[in-house]
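Heads up: the structure comes next, in structure tokens.
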Amino acid sequence: MTAPVFVVDALDGIGPEYVLEGPEGRHAVSVKRLRPGEDVVLTDGRGHWAEGVVRAAEGKDRLVVAVEGVSEEPEPEPHITVVQALPKGDRGELAVETMTETGVDAIVPWTASRCITQWKGERGQKALGKWRATAREAGKQARRVRFPEVGDAMSTRQVAALLAKADLAAVLHEDRNHPSEPLATAGLPTTGRIVLVVGPEGGVSPEELETFAEAGAKAYRLGRSVLRTSTAGTAAAALLLGRTGRWS
């Protein structure tokens, strides 16, 4: 799918013609400078999408599209969720962006005990909004029609409950004093849900590791390099996507 992707609220009853307006229409007309005859894809970001051909570009923010029918992309198997500890600064958006481009299905912000950044009150809601906007824009850039869901921030206990329901529960952690297995050789499910926990720069605390172990999660490591929290999730997700056949 190489045609540019634009997000619409819903595709129910769409066609045979659709007018793309607002910010998406402005981006299509004024930034992408689309012209009649060019292909586009319209999606709700939840797996529904429609191929279309531009009929007209009107003004600065109105694109008229001839729609050829609605399709639905099935949910991928296995489903991959990354629990991402809150990084400093804009590294959270970087992590969300690259994980979205890679193919992660869901992202959960985690307020780990060693996180320097803490989401509280209005500031936390603003930060969460940035993560969600980043996932949406990265999904469009990657030509995805099913964007990753960015959930509300979770506590350690809430993450443990999520891990307890997973078909594979994994925590990225490498420490000489704590046993871990290579993620590259871990037994992976062909269906169901994989939940992967990425800790903060200071690492997952012993108490958190114990809580996650009680929920059925094992500690895994990547290669010899120590990755930053903003890149570890992307690297691990790429490994899982390749091993599960989703990149085949």
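We're numbering straight along the sequence, starting at 1.
The structure places CG of Leu239 at 11.5 Å from OH of Tyr220, a figure rounded to the nearest 0.5 Å. Note that NZ of Lys218 is 5.0 Å distant from CD of Glu181, once rounded to the nearest 0.5 Å. The CG atom of Leu162 lies 14.5 Å from the CZ atom of Arg157; values are rounded to the nearest 0.5 Å. To the nearest 0.5 Å, atoms NE2 (His79) and OG1 (Thr191) are separated by 13.0 Å. Taken from NZ in Lys126 to CH2 in Trp119, the straight-line distance is 13.0 Å, to the nearest 0.5 Å. With rounding to the nearest 0.5 Å, the separation of CD in Glu208 from OG in Ser113 is 3.5 Å.
The two residues Val198 and Ala232 come nearest to each other via the heavy atoms CG1-CB, 4.0 Å. Looking at every heavy atom in both residues, Pro200 comes nearest to Arg114 through CG-CB, 3.9 Å. Contact record, Asp152 with Val108: O-CG1, 4.1 Å, taken as the closest heavy-atom pair. The heavy-atom pair separating Ala170 from Ala217 by the smallest distance is N-CB, 4.5 Å. Of all heavy-atom pairs between Thr117 and Lys88, the closest is OG1-CA, 3.5 Å. Between Leu11 and Ala50 the shortest heavy-atom distance is CD1-N, 4.2 Å.
Thr43 is listed as a side-chain neighbour of Phe147, based on a closest heavy-atom distance under 4.5 Å. Within the 4.5 Å cutoff, the side chain of Val53 has heavy atoms near those of the Glu68 side chain. Between Glu58 and Val64, the closest side-chain pair of non-hydrogen atoms falls below 4.5 Å. Residues Thr98 and Thr231 have side chains not in contact (no heavy-atom distance under 4.5 Å, counting atoms from C-beta outward). Between Lys32 and Phe6, some side-chain heavy-atom pair lies under the 4.5 Å cut-off. Considering only heavy atoms from C-beta on, Thr156 comes within 4.5 Å of Trp110 through its side chain. Leu128 places a side-chain heavy atom less than 4.5 Å from the side chain of Pro109. Taking 4.5 Å as the limit, some side-chain heavy atom of Leu63 sits within range of a side-chain heavy atom of Val54.
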Residues Thr134, Thr100; criterion side chain to side chain contact (heavy atoms under 4.5 Å, CB included); working and verdict: CA-CA 9 Å; Thr134 298; Thr100 299; over 6 Å; no
Intermediate values then yes/no, side chain to side chain contact (heavy atoms under 4.5 Å, CB included), Arg143 and Val41: CA-CA 9 Å; Arg143 306 295 195 265; Val41 171; over 6 Å; no
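A donor-acceptor pair is defined here as one N or O able to donate and one able to accept, closer than 3.5 Å; such a pair exists between the side chain of Arg221 and the backbone of Ser180. Panel note: side chain Ser225, backbone Leu227; no donor-acceptor pair is recorded below 3.5 Å. Thr111 places a side-chain N or O within donor-acceptor distance of the main-chain N or O of Met154, the cut-off being under 3.5 Å. Arg243 places a side-chain N or O within donor-acceptor distance of the main-chain N or O of Leu183, the cut-off being under 3.5 Å. Within the 3.5 Å criterion, the main-chain N or O of Thr81 finds no donor-acceptor partner in the side chain of Arg193. Within the 3.5 Å criterion, the main-chain N or O of Val19 finds no donor-acceptor partner in the side chain of Arg62. For the pair Arg35 (side chain) and Ala57 (backbone), a donor-acceptor distance under 3.5 Å is absent.
Under the 4.5 Å side-chain heavy-atom criterion for grouping Ile, Leu, Val, Met, Phe, Trp and Tyr, Val7 is not connected to Leu20 through any hydrophobic cluster. One hydrophobic cluster, built from ILVMFWY side chains closer than 4.5 Å, cannot hold both Val8 and Trp49; they sit in different ones. Cluster membership for Ile194 and Val197, using ILVMFWY side-chain heavy atoms within less than 4.5 angstrom, is not shared. Under the 4.5 Å side-chain heavy-atom criterion for grouping Ile, Leu, Val, Met, Phe, Trp and Tyr, Ile107 is connected to Leu240 within one hydrophobic cluster. By the criterion of side-chain heavy atoms lying less than 4.5 angstrom apart, applied directly or through intervening Ile, Leu, Val, Met, Phe, Trp or Tyr residues, Leu94 is not grouped with Met99; the two fall into different hydrophobic clusters.
Counting non-hydrogen atoms of other residues, nucleotides and ligands closer than 6.0 Å to CZ of Arg123 gives a total of 12 or fewer. A 6.0 Å sphere centred on CD of Gln118 holds more than 12 heavy atoms belonging to other residues, nucleotides or ligands. The 12-atom threshold is not exceeded at CD of Glu149, counting heavy atoms of other residues, nucleotides or ligands nearer than 6.0 Å.
The side-chain contact (heavy atoms from CB on, under 4.5 Å) test with Leu163 singles out one residue from Leu168, Val195, Thr211, Val83, and that residue is Val195. Screening Arg91, Gln84, Glu201 against Thr229 for a side chain to side chain donor-acceptor pair (under 3.5 Å) leaves a single residue, Gln84. Paired with Asp105 under the rule salt bridge (Lys or Arg N to Asp or Glu O under 4.0 Å), one option of Arg146, Arg246, Arg46 passes, and it is Arg246.
We find that Glu17 and Arg55 are joined by a salt bridge, their nearest charged nitrogen and carboxylate oxygen being less than 4.0 Å apart. By the 4.0 Å N-to-carboxylate-O rule, Glu24 lies close enough to Lys140 to be salt-bridged with it.
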